[in-house]
Each structure stands twice: as C-alpha cells, then as structure tokens.
Amino acid sequence: MPARAARLSHTEDHLFSFIDRTRELAEQDGAAPVPLGVGDCDLPTPPHIVEAMRQAVRDPSTHRYPPYAGTQAMREAAAGHLGRRFGLRPDPDTEVLATLGSKEAMAHLTMAYAEPGDVVLVPDPAYPVYGTWARFCGAEVVRVPLRESNGFLPNLAAIPAGTARRAKLFWVCYPNNPTAALATSDFYAELARFALRHDIVIASDAAYSEIYYDCAPPPSFLQAPGAMECGIEFHSLSKAYNMPGWRVGFAAGNSDVVGALRAVKTHTDSGTFTAIQHAAVAALNDTTGYPETLRSVYRDRMHLLCDGLEQAGLHVLRPKATFYCLVRCPRGMDSAGFAKKLLEDAHVLAIPGHGFGPGGEGYVRLTVCAGTEPIREAIRRITAVHW
Ligand SMILES: Cc1ncc(COP(=O)(O)O)c(C=O)c1O
C-alpha cells in the first residue's frame, strides 16, 4: 500500500477520535450516553419539503446532470430568500451558486484561493473545516482568538500588519459554532473595511443564520458596506429546515469569488440532484412558517437545558442563537476532563471545547439536537454527579 499524502498526517482529528471513543465506550458497557454532542437535529424534514422532492423525483428531467451552478429556480429562490431576510439583491446568475450543503463549498473555496506561502485567518475556536482545508492547500493557518470577554468576536486591531498582508482568506461564522455568539452590524462593517484595506476575501459561514430565538434576526455579512466587493457567504438548508442529509445549500457574494468557487466545483462535483434542488426551492419559498416553529422548539429545549445545568451548579453561557451552548469547566478541570466526567459519570455526551482549537479550552459544548425527554434525562444524570 503506498504512503498516504502527507497532508493527511497534519489533520487534527482529536474531536472525531473523542466521538469514536465515546461510541466504543457505549458499546462496551451497554449504557448509551445521552447524545448532546453532535449538532445533528433529531427532527424530520417538514412534510411539504419531502412532498416537493417526491413529486420532482418522478419527473425524468430531474434524472439528468444538473446545471453546474445549480438550477435557475434554486438560484432565484436563494436570491429571493436573501432579499426577504436581509434586504440583499444578489444577481442569481453571477452572485449565487448552489452547493452540496456548505461543508464542501467551504473546502472548495479554500482550494480556489489558498496556496503555500499564503495565510488563512481562522477563528479559534472554530468549525474544523476552515483550518483543515487551509492546511491541505499548504497555506499557513493563523488562529484569530475569539474570547468570551470580547463577545467571541475577533479583535481585528490585534492582527499584525505583516500577517494581514499575506492573508488571502478570513473565515468568520455567526451565529457561531461552537460559542453561539452573534455578530453585530458594526463588527461586519469593520471587517469589510479590514478586508478591503488588505485585499482579503471574507468567507462568512452563515449555516446558523436562521436558528435564533432570544434575539433579533442575526445580520448577514453581505449587508455591510463594501461586503459585496470582498465577501462570500455560505448558507445551508441543513439547520434551518432539518435537511442535513439532503446536502443542499448555496453561496452568495462577490461575483469574482463566486466564480472562483464555481470553477473549482465544476471540476469536482456535478451539483446536487435536481429533485433535491426542487425541494430546496419549496423550503426557501416557505409559506408554512416552519422556520419560526423550529425556532420555538429550540428556544424551549435550550431554556430547559440551561435552567437544568444552572440548577446542577454549572456555569452556562446562555445562547440566543444556534442549538449549542458552552458550559464552563468546573474549577480544576480542563475541557477533556470535564467531557470525560460527563461521559463516564453522567453518561452524557458533550464535545470538549479544545476539539474546536486551543481557544475552546475551558468549555464543553452541548447541543439541543435531542428531544425534551433525553434533555431531562441528561439533566437528572448531571445533577446526580458531584461537580
Ligand atoms: C459552523 C458550521 N458550518 C457549516 C456546517 C456544515 O453544514 P452543511 O454542510 O450540512 O451545510 C456545520 C455543520 O455542523 C457547522 O457547524
């Protein structure tokens, strides 16, 4: 067997090895942990979206290769959604691209820009794809700390001028995974000025833009003055419409950047199954009020979880958006130790914060991608443990 490419040996996999170890442990002793680790919603895709797919799949025209950029209807529905939600007016032909969920598109954007010698600015902590793919492309990853004291927003003034000069891409993600923090319009305006000054592409991961409940609807980076000159934003149907298995989303932003992503994707995949794009159009043109219903489900679950954790004596950073919350490690414990104790003593699966980068040390992340009964059970188990 030939040796694997060196790029694979640099991959940080402690997050995934923790999840695997957990699964093994559950199998060994038969006591399944309550799964509050992975952000994979337990609820089904709404029936009207499934029905749109069912009808589309019967039409043989959907069985052919889809257009590389996505169907016209999908790009128009995406543009319409951005218009209604954020007041944006992207051109569906040049400024919008259908994607297979957002993960592949974020990886492929990196491939379109990052080369050896370049810097990619990656928040710390962060969803691992941004840094992993920068390393795959041979670029240098510079971690930009997100600190609780700064609302988990990067301090742009602390980025050295030499680093900014070499940077090609700057990743941001709000509402944020794993911290659940929100960006302000002022921060986005400052970020756009920074990007234009240093000639950097802003890659904004908006996977959680519709999962908010105790705040005003979160803004889009693309609303900031100058953002359409330097930015691209990734939207996903996975979280907003419970469609993670369908693999459908879209990117929107500066036409040059969207074009670069499209160029890589054209040589890599042949698009999302057209019938799925039909279903995505039904989701984006929602007339059922489903996103609001989903938000109220998450709101109730999150309040239940946070109240329970606080009653158990733990310090929770109460979120206003996403289906995640960070819990501070009890005194004398690091995030690996806290997650281990939650798993072994309380049989609750949480993700240690350092799995998202060193900046996540000091916290574990819990999700509410589980029904109220499992959440109540997790609280009972956590309350029974001495912290
Ligand atoms: C921050 C963030 N971005 C993007 C994704 C990818 O989502 P998808 O590829 O399903 O759109 C996830 C998935 O959990 C995520 O947490």
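Computed from heavy atoms alone, side chains included, the values below leave out hydrogens, waters and symmetry copies. Nothing fancy with the numbering, it's 1 onward along the sequence. Just so you know, ligand 1 is whichever comes first in the structure, and atom 1 is the first atom listed for that ligand.
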Going by the 4.0 angstrom heavy-atom rule, the piece of Y208 near ligand 1 is side chain
Taking the side chain as every heavy atom from C-beta outward, state whether Y241 and T45 have any atom pair closer than 4.5 Å. no
Per-atom filter on ligand 1: closer than 4.0 angstrom to a heavy atom of M106 are 3 (N), 4 (C)
Per-atom contacts of ligand 1 with A207, taking only distances under 4.0 Å to non-hydrogen atoms: 3 (N), 4 (C)
So for ligand 1, is S102 a polar contact partner (N or O within less than 3.5 Å, distance only)? yes
Starting from atom 10 (O) of ligand 1, which protein heavy atom do you reach first, and at what distance in Å? S238 OG, 2.6 Å
Would you mind listing which atoms of ligand 1 come within a distance below 4.0 Å of any non-hydrogen atom of K103? 9 (O)
Atom 11 (O) of ligand 1 [closest protein heavy-atom partner, distance rounded to 0.1 Å]: S236 OG, 2.6 Å
Within-4.5 Å side-chain heavy-atom neighbours: I351 and Y324: no
Decide if the gap between the ring center of F152 and the ring center of Y174 is smaller than 6.0 angstrom. no
C173: numbered ligand 1 atoms lying under 4.0 Å from its heavy atoms: 1 (C)
Using a 4.0 Å heavy-atom threshold (strictly under), name the region of R247 that reaches ligand 1: side chain, backbone, both or neither. side chain
K239, any N or O under 3.5 Å of ligand 1 N or O: yes
E104 vs R247 side-chain heavy atoms within contact, under 4.5 Å: no
Can a cation-pi geometry be assigned to R262 and Y68, taking NZ or CZ under 6.0 Å from the six-membered ring centre and within 45° of the ring axis? no
Should the pair E373-R380 be classified as a salt bridge under the 4.0 Å nitrogen-to-oxygen rule? yes
Please tell me if the side chains of F250 and E233 come closer than 4.5 Å, counting only heavy atoms from C-beta onward. no
Hey, could you give me the OG/CG distance between S255 and L97, rounded to the nearest 0.5 Å? 12.0 Å
So which heavy atom in the protein is nearest atom 2 (C) of ligand 1, and how far is it from that ligand atom? D205 OD2, 3.3 Å
